[in-house]
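Lettering follows sequence order; numbering is per chain, from 1. The basis for the numbers below is simple: all heavy atoms, side chains too, and nothing from hydrogens, waters or symmetry mates.
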Amino acid sequence: MSVQLGKVVSFILLERFGPLVERVGTYLFEYGTNPLFCIKKFTDLPIPKIKESLAILVKYQLVTFAPNKNDSVANYTLHPNKVLLHLRYPKYINMIKKKFGDEAEVILEEILQKSYWTASEVILHVYEKLKKDNKSNVTLPALRDNFVSLVTAKYLIRVPYNEADDKAVPSLVVQDHELHMAPPVDIMELSTNPQGGNYKDKDIYWTVNFDRFHQDMRDKILVNAFTQKFDENAGELVKLLLRQMYIRTEPWTDVSNPIPLLEIKDLVRKQANLKLLNSFFDQYVNVIEQDSSNLIRKSGEASGGSFQIFLKEAFTQFAWEIVEQCVLEKFDSKAARIFRLVKLKKYIDSDLIQQQAMIPAKEAKKLTFQLLEENFLQIQEIKKASTGTGPHKSFMLFHINLENVVRMLLELCYKTLYNIMSRRNHERTVNKRIIDKKQRVDTISISMRSQGATEEQLADIEDMITPPEKEILEKIDKMMKRLNTVELEVDDTIFLLQMYLVYQ
Amino acid sequence: MGDSSEVKTEAVEEVSALELRLLELAKSNVEGISNDDIKEQIPDISLPELTNVINKFLKNGTFELFKTKDKLYYKYKDPSKKTAVKGADNEEKVVYKIIEEAGNKGIWIRDIRFKSNLNMTQLNKVLKSLETKKIIKAVKSVSASKKKVYMLYDLEPDSTVTGGAWYQDQDFESEFVDVLSQQCQRYLSEKWEESVKKGGGPLLIRNRSYATANDVHKFISELGISNVPLTVADIESILYTVVLDNNAERIVATNGSYLYKAVNRFLPSPGLVKTTCGICPVANRCGDMGLINAKACTYFTEWLNQ
């Protein structure tokens, strides 16, 4: 709950939902859980508007509500991290596209946009949409299968529903077994009655299960890390290990249950593209197991040896690497060396730092205190027993508190996000005239083309944008693209750092 | 060393037959000789003559006088050391002795003052005169640049005083260290690449890419980038910096020595440092208002216009 996060959250709310929702959201961020009349009192908005805003926020699951003590009034709570997830939508869509293909992608996109929807309506909507785009081979059964596979793979889950109507504040519940149960979709009904709303599953709503996506992202990070450190085969091996892990382990535990090696070996043998891994299987296992990172360890000899994945430790190490990289980029390699030295020694005296890092005394001192000033290092003072006063009365030991540093970097990430967004907004306002003009010209040329205008006429309209203007437009375009990519990349860092905090 | 041996021969020429006999007697008795010993060994000597000779020896420092059990003993002292303080007064002798005891580690002026009980001005004078006579020298210690330590002129300072191979005078040669650590890293990564090229399975690749400090030492010596002879221990400490830079890992071999190997990182550089904000020196002061803000940020502008 930081100021920076609040700024980012209100920015996202403003961009996605407009100023009214933003005011309510920001109020809830600043003051925490609050009932309606408090929101009214402090935001000074008309009650209907606030209700509308809250409805929107609740719909997108950014705000949840809970009854107060005597069950009469609802208290609203904003979940800032859920708001941040809006930045990750392109990634989710991309993941589904890669895994399930284009049709599933459109389904997910629609659900993300609506937040929740019934299966029948989504399928119909996507069907219509794809047909409009002239994709001839779309069929309703195929779409239904896609939807069902998204549900069974737990990318979509059932939205909690209200069972008893008599309470002032509804309590929403959903049974565990209902979460991933495939919806009853009647294709016949859909095809015969595409306009009617009274389908079999009319009260069963589905929403996106972000946790499942994060699990995939986490696995991908792990596999990529092993690929980067060793090679592709090692990455494949870890991928298989993770896949087998899910059979017997909860997805978010710190340490996986032991995974028998024979299972993996069988899997490798069956796959034709893993010949190299197959022939050197034992060696790869050996190398990964004996690596100093110690993320995958042997737990027993039963059934040809079984292995455990230490997920918590993995993300602790990844967090260290990120922090080290940040120090490296911010203060250069010598400071990074000092930082890693302090990390390895846990507690270290400044004289020892100079000696072991092989950096001249003065520079070492300067860098250490710079790191201290920027809160990457901490000081622990230990008083000497015998001496009274003077400069040598205590030892100064440097150490690192990783969690603090991670939180600090997370803060910096939020700040960066905010800066990127406000800069993008700024560039948009500065160049508003020219962007608007471009849009006007584009719409005109599109409508002219649909009316059957000649090439000459179209060229005339295109010429309304002068060459210097074109140049500026190109520049803005490049700038926006750059800002957008970096926004996604910063979000990657946020994800990794949050993973570390999740596992703490 | 040159002039002290000259002084020695001069001294030997001056001595007479009696003196020679006395000297030999003293040399054969390391414990020292008493007046009775002299009378016994060299009976044909008159007392005034003997007194003259002994006084002469005591004066030029060939003999040392000391007292055990109320008896006076003369002890022979190597004139090659002694002659250095020839013509020195008592204070100088005392200070010289203290400095001599300190050996090649040297001794700090404050400690000399405590041991000799001389006051500051006097001690300074004595030290200065010894220094001009090239009997002692002042060496700056690397651990504290203001601190001077004194030691005998012809001694080679200890590596704790000079800092070893990494120091030129009192300055740490960081460039030298940087070059060496780069070369060590290059050696390790080349070794790794080579073993990857050779193939033969991941285990073989890993085992082939390990290098001992000796291997690296040999490689560095053959390169000839260092004028100073480096020891294996020096190379070990350089290799440790490579480990600290996260470019190598260190494991303990079965015989207790260290093995080094180039390694990759787990993660590519994070997205945060790809932006200007992640590495911005004034990020703490950046806000919506004021001179430092995202809208007018020059770092941003530069980066966007790249």
| message | Quick check on A:Leu295 against chain B: is it the side chain, the backbone, both or neither that has a heavy atom closer than 4.5 Å? | response | side chain
| query | Does A:Thr493 use its side chain to pair, donor to acceptor, with the backbone of B:Pro270 at less than 3.5 Å? | reply | no
| Closest-packed option against chain B by number of heavy-atom pairs under 4.5 Å, given A:Glu329, A:Glu321, A:Glu489 | A:Glu321
| Portion of B:Asn207 that has a non-hydrogen atom of chain A nearer than 4.5 angstrom | neither
| said: Rounded at 0.5 Å granularity, tell me how far CG in B:Leu267 sits from CD1 in A:Ile221. | reply: 7.5 Å
| query | By a 4.5 Å heavy-atom criterion (distance strictly below it), what part of B:Asn284 contacts chain A: side chain, backbone, both, or neither? | reply | both
| request: Run the numbers on B:Tyr260 and B:Gln185 for side chain to side chain donor-acceptor pair (under 3.5 Å), then give the verdict. | output: CA-CA 10 Å; B:Tyr260 299 87; B:Gln185 191 188 326; over 6 Å; no
| request: Against chain B, work out which of A:Val486, A:Leu496, A:Leu488 has the most heavy-atom pairs shorter than 4.5 Å and name it. | output: A:Val486
| query | Counting heavy-atom pairs under 4.5 Å to chain A, which of B:Lys274, B:Glu249, B:Arg265 comes out on top? | reply | B:Arg265
| query | Quick one: of A:Leu412, A:Asn224, A:Asp231, who has the most non-hydrogen atom pairs under 4.5 Å with chain B? | reply | A:Leu412
| field | Side chain, backbone, both or neither of A:Ile359 within contact of chain B (heavy atoms, under 4.5 Å) | value | backbone
| Between A:Leu5 and A:Val9, does a side chain to side chain contact (heavy atoms under 4.5 Å, CB included) hold up when you go through it step by step? | CA-CA 6 Å; A:Leu5 180 60; A:Val9 163; 4.3 Å; yes
| query | Between B:Trp303 and B:Phe300, how do the two ring planes meet: parallel, tilted or perpendicular, split at 30° and 60°? | reply | tilted
| field | Largest heavy-atom contact set with chain B, pairs under 4.5 Å, which of A:Gln317, A:Lys362, A:Gln354, A:Gln290 | value | A:Gln290
| request: Let me know if B:Val196 has heavy atoms under 4.5 Å from chain A in its side chain, its backbone, both or neither. | output: neither
| request: Could you verify whether a donor N or O on one side chain and an acceptor N or O on the other, from B:Ser257 and B:Asn255, lie under 3.5 Å apart? | output: yes
| said: Heavy-atom pairs under 4.5 Å with chain B - which of A:Gln283, A:Lys343, A:Gln356 has more of them than the others? | reply: A:Gln283
| task | Before giving the answer on side chain to side chain donor-acceptor pair (under 3.5 Å), spell out for A:Asn484 and A:Arg424 the whole-Å C-alpha distance, their side-chain angles and the decisive distance to 0.1 Å. | result | CA-CA 9 Å; A:Asn484 287 339; A:Arg424 192 169 46 203; 2.5 Å; yes
| message | Under 3.5 Å, is there a donor on one side chain and an acceptor on the other for B:Thr231 and B:Asp234? | response | yes
| Of all of A:Ala336, A:Ala234, A:Cys413, A:Ser333, which one pairs up most often with chain B through heavy atoms under 4.5 Å apart? | A:Cys413
| For chain A, which of B:Gly278, B:Cys280, B:Ala296 has the most heavy-atom pairs under 4.5 Å? | B:Gly278
| query | Under a 4.5 Å heavy-atom cut-off, does chain B meet the side chain of A:Glu374, its backbone, both or neither? | reply | side chain
| field | Proximity breakdown for A:Lys481 and chain B, heavy-atom pairs closer than 4.5 Å | value | neither
| How about B:Asp288 and A:Tyr418: does a side-chain donor come under 3.5 Å of a side-chain acceptor? | yes
| remark: Bottom line for B:Ile205: the part with an atom under 4.5 Å from chain A's heavy atoms is neither
| field | Residue part contacting chain B, namely of A:Leu409, when any heavy atom lies under 4.5 Å | value | both
| message | Is it the case that atom NZ in A:Lys229 sees more than 12 heavy atoms from other parts of the structure closer than 6.0 Å? | response | yes
| query | Using non-hydrogen atoms only, which part of B:Ser181 is less than 4.5 Å away from chain A: side chain, backbone, both, or neither? | reply | side chain
| message | Would you say CZ of A:Phe281 has more than 12 non-hydrogen atoms from neighbouring residues, nucleotides or ligands within 6.0 angstrom? | response | yes
